[in-house]
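Here the structure is laid out as structure tokens; the discussion comes afterwards.
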Amino acid sequence: MLSGSSLIWIGALLLGLKASLTRASDFQHHGYEEMVSALFAVQSECPYITRIYSIGHSVEGRHLYVLEFSDNPGIHEALEPEFKYIGNMHGNEVLGRELLIYLAQFLCEEYRAGNERITHLIHDTRIHILPSMNPDGYEVAARQGPEFNGYLVGRGNAKEVDLNRNFPDLNALMYYYEKHNGQNHHLPLPDNWELQVELETLAVIKWMQNYNFVLSANLHGGAVVANYPFDKSREPRIRGKTSNSATPDEKIFKKLAKTYSYGHSWMHKGWNCGDYFDEGITNGASWYSLSKGMQDFNYLHTNCFEITLELSCDKFPPATALASEWLANREALVSYMEQVHHGIKGMVYDENNNPISNAVISVAGINHDITSGTDGDYFRLLLPGTYTVTASALGYQPFTKTVTVGPAEAVQLDFYLKVQPKGTNLNVKAYPNKKGSPTAKSPPTNLGPR
């Protein structure tokens, strides 16, 4: 029988990866100090393509460190998409935390070894890796260890709050707007929302607001499946019955989920952990309805498309399983990042070539708009096909173009908007922030893997 390290070398040969690889014996769980040391070691090894920054603190004062990969760390380059991975949102679901540490080490090693695929990815993408959103919960779970870890011990933060039930509930507002032709993107947050969320949640929301993320994944454990929005059901909860709650981007979300499931060694086979998910993917609400989750919040409040990845039956797998889990997930982690480069992207300018931020990009037939960033660039994930795309902004005349998207990298589609003539009332999309809009009561908290 082949050893774990032999399997890793064979997997590397099959995937065309040529950097020196960590031995199976080097795979271990990382406590907070070890995790921070590992991140700073990567930054030291690859100083010209990495940056470490903190987005805030946990309840117990631990930094929420992010490791960034880019050919220009710390700088957003126009037309270069922003991507993020988040792990360990539930403190006792630890595989994602370890995989993201290994991913950071791997990206650095492969870049230094001259791997063209990884070099291209880092040069053309700004990648942000947050290995642990809940370092306090992890420490509680780790004290019990893999052998005795319970289903809930360490799941929440230091105040025992489930962070994936802690984001502002924008689904209820979205479902109301769907029936009343209201806003379909960047939904407003409720008054005093900052006082209603935990420190870790607050830090992540501020992070989302400060970076124009295009694509994201949130790594969990307790099942093996790629879960996509919406998590919250449109229909009232009925015991024993679930229903699919599709976003307007259902097709692209399925494609994103399948990218991960088929890149994974066995997720796509469907039968995992005693459950069956066709092709290893599921709509969140079709599995079970979840309120105030992070992936729905990304889609409804920002430009970012996020899915939730359930990566292990065992929430806290033993260290002996980490090498094989890394090998099972490595290709999927890289392939998923590459999906940020599909669809269309471009610049929105005025007649004097000045970039226009906050311009609305609408795609006919898909009732979900996105907006241009502060540099005037936008990114719209789309499947191959022909689309009618309109750019609009307050004070300017809308402009519409037709574009054909292929299976390769994103097509660049720029817009030049003319100033709206005085005295005209053009049909430009602009949505008021409706205060006091109806909200629905949240269903009882569900403590499933997500």
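If you read the sequence from its start, that first residue is 1, and numbering goes on from there. Quick caveat: nothing in here was measured; it's all calculated off a predicted structure.
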With side-chain contact (heavy atoms from CB on, under 4.5 Å) as the test, would you mind laying out the steps for Val42 and Phe106 before giving the verdict? CA-CA 9 Å; Val42 172; Phe106 169 78; over 6 Å; no
Should the pair Lys315-Glu93 be classified as a salt bridge under the 4.0 Å nitrogen-to-oxygen rule? yes
Open item on the list: As a quick check of understanding, evaluate side-chain hydrogen bond (donor to acceptor under 3.5 Å, both in side chains) for Lys84 and Ser216, giving each step before the final call.
Closed with: CA-CA 5 Å; Lys84 63 179 165 71; Ser216 174; 3.0 Å; yes
Please evaluate residues Glu409 and His342 with respect to the criterion side-chain hydrogen bond (donor to acceptor under 3.5 Å, both in side chains), reporting the C-alpha separation (whole Å), side-chain torsions for both, the decisive distance (0.1 Å), and the verdict. CA-CA 5 Å; Glu409 296 205 345; His342 292 286; over 6 Å; no
Paired with Glu198, the side-chain contact (heavy atoms from CB on, under 4.5 Å) test is passed by just one of Asn166, Val204, Asp162, namely Asn166
Result for ring-ring contact (aromatic ring centres under 6.0 Å, His included) between Phe253 and one of Tyr299, Phe230, Tyr260 points to Tyr299
Distance col, row Leu121:CG vs Met337:CE, nearest 0.5 angstrom, shows 5.0 Å
query: Could Arg97 and Tyr138 be counted as a cation-pi pair, given that NZ or CZ must be under 6.0 Å from the ring centre and within 45° of the axis?
result: yes
Practice item. State whether the side chain of Asn164 and the backbone N or O of Arg450 hold a donor-acceptor pair below 3.5 Å, judged by distance alone. Key: yes
Quiz item: Do NZ/NE/NH1/NH2 and the carboxylate oxygens of Glu279 and Lys258 come within less than 4.0 Å?
Solution: yes
- Item | Worked check of salt bridge (charged side-chain N to carboxylate O under 4.0 Å, His left out) between Arg126 and Glu80 | CA-CA 7 Å; Arg126 195 176 177 200; Glu80 183 172 287; over 6 Å; no
Handout entry: Lys159 with Asp136: basic N within carboxylate O range, under 4.0 Å
Key = no
**Message:** One pair to check against side-chain hydrogen bond (donor to acceptor under 3.5 Å, both in side chains): His123 and Tyr111. What are the steps and the verdict?
**Reply:** CA-CA 10 Å; His123 282 184; Tyr111 186 88; 2.8 Å; yes
For Leu79, is there any backbone N or O sitting under 3.5 Å from a side-chain donor or acceptor partner on Asp377?
yes
### Message
Strictly distance-based, threshold 3.5 Å: is any side-chain N or O of Thr119 a donor or acceptor partner for the main-chain N or O of Asn115?
### Response
yes
Margin query: Can a donor-acceptor pair be found, under 3.5 Å and without considering hydrogens, that links the side chain of Gln43 to the backbone of Arg51?
Written below: no
Value for OG (Ser70) from NE2 (His128), rounded to nearest 0.5 Å, stands at 8.0 Å
* Asked: Judged by atom type as modelled, is there a donor-acceptor pair below 3.5 Å linking the side chain of Asp296 to the main-chain atoms of Pro229?
  -> no
Per ring-ring contact (aromatic ring centres under 6.0 Å, His included), Phe213 is matched among Trp207, Tyr85, Phe83 by Trp207
- Query: So, do Tyr416 and Glu351 sit near enough that their side-chain heavy atoms are less than 4.5 Å apart?
  - Reply: no
- [ ] State, with a plain yes or no, whether a side-chain heavy atom of Thr386 is found less than 4.5 Å away from one of Val403.
- [x] no
- Task: Apply ring pair (Phe, Tyr, Trp, His ring centres under 6.0 Å) to Tyr228 and Phe305, showing your working.
- Result: CA-CA 9 Å; Tyr228 57 89; Phe305 287 38; over 10 Å; no
Intermediate values then yes/no, side-chain contact (heavy atoms from CB on, under 4.5 Å), Arg117 and Glu338: CA-CA 10 Å; Arg117 181 184 183 190; Glu338 291 171 332; 2.8 Å; yes
Run the numbers on His220 and Asn218 for side-chain hydrogen bond (donor to acceptor under 3.5 Å, both in side chains), then give the verdict.
CA-CA 7 Å; His220 283 245; Asn218 176 20; 2.8 Å; yes
So OG of Ser392 and CG of Asn358: to nearest 0.5 Å the spacing works out to 10.5 Å
Residue pairs meeting ring pair (Phe, Tyr, Trp, His ring centres under 6.0 Å), one or both in residues 369-395, sequence neighbours left out, come to none
Sorted by chain and residue number, the side-chain contact (heavy atoms from CB on, under 4.5 Å) partners of Glu45 (sequence neighbours excluded) come out as Cys108, Arg112
Do the rings of His120 and His341 sit parallel, tilted or perpendicular, given the 30° and 60° boundaries? tilted
OG1 (Thr50) and CZ (Phe40) are apart, to the nearest 0.5 Å, by 10.0 Å
side-chain contact (heavy atoms from CB on, under 4.5 Å) assessment of Asn227 paired with Gln295
CA-CA 9 Å; Asn227 176 99; Gln295 73 172 12; 2.8 Å; yes
In short, Ile366 meets Arg380 closest at the heavy-atom pair CG2-NH2, 3.3 Å
Closest non-hydrogen contact found for Gly222 with Glu310 is N-OE1, 4.1 Å
On a heavy-atom basis, the closest approach of Thr302 and Cys304 is OG1-N, 3.0 Å
Between the CD1 atom in Ile370 and the CG atom in Asn303, the distance rounded to the nearest 0.5 Å is 5.0 Å
Which donor-acceptor pairs under 3.5 Å do the side chains of residues 265-275 make with protein atoms, sequence neighbours left out?
residue : atom : partner : partner atom : Å
His268  : ND1  : Ser261  : O            : 3.2
His268  : ND1  : His264  : O            : 3.2

Under 3.5 Å, side chain of Ser289 to main-chain N/O of Ala285, donor-acceptor pair present? no
### Message
Less than 3.5 Å apart, any donor N or O on the side chain of His301 or Gln209 sitting next to an acceptor on the other?
### Response
yes
When every non-hydrogen atom of Gln397 is compared with those of Leu417, the smallest separation belongs to O-CD2, 3.7 Å
When Ile122, Asn72, Ile127, Leu107 are each screened for side-chain contact (heavy atoms from CB on, under 4.5 Å) with Ile49, the one that passes is Ile122
Notebook entry, point to check: Side chains of Asn212 and Ser372: closer than 4.5 Å at any heavy-atom pair?
Noted result: no
Heavy atoms of Ala217 and Leu309 approach each other most closely as CB-CD1, 3.8 Å
Query - Side chain to side chain, Thr371 and Ile361, heavy atoms closer than 4.5 Å - result: no
* Asked: Quick check: does any side chain N or O of Asn88 sit under 3.5 Å from a backbone N or O of His90, one acting as donor and the other as acceptor?
  -> yes
Closest heavy-atom pair, Leu130 versus Tyr65, reported as atoms and distance to 0.1 Å, is CD1-O, 3.2 Å
Hey, does the Lys NZ or Arg CZ of Lys401 hover above the aromatic six-ring of Phe415, less than 6.0 Å from the centre and inside 45° of the axis?
-> yes
- [ ] Verify, without hydrogens or angle tests, whether Asp414 (side chain) and Met347 (backbone) share a donor-acceptor contact under 3.5 angstrom.
- [x] yes
Output for pair (Tyr102 OH, Leu327 CG), nearest 0.5 Å, gives 13.0 Å
ask   = Between Asn171 and Ser291, is there a donor-acceptor pair closer than 3.5 Å when you use the side chain of the first and the backbone of the second?
value = no
Check your understanding: Any donor and acceptor pair, going by atom type alone, linking the side chain of Asn184 with main-chain N or O of Asp369 inside 3.5 Å?
Key -> yes
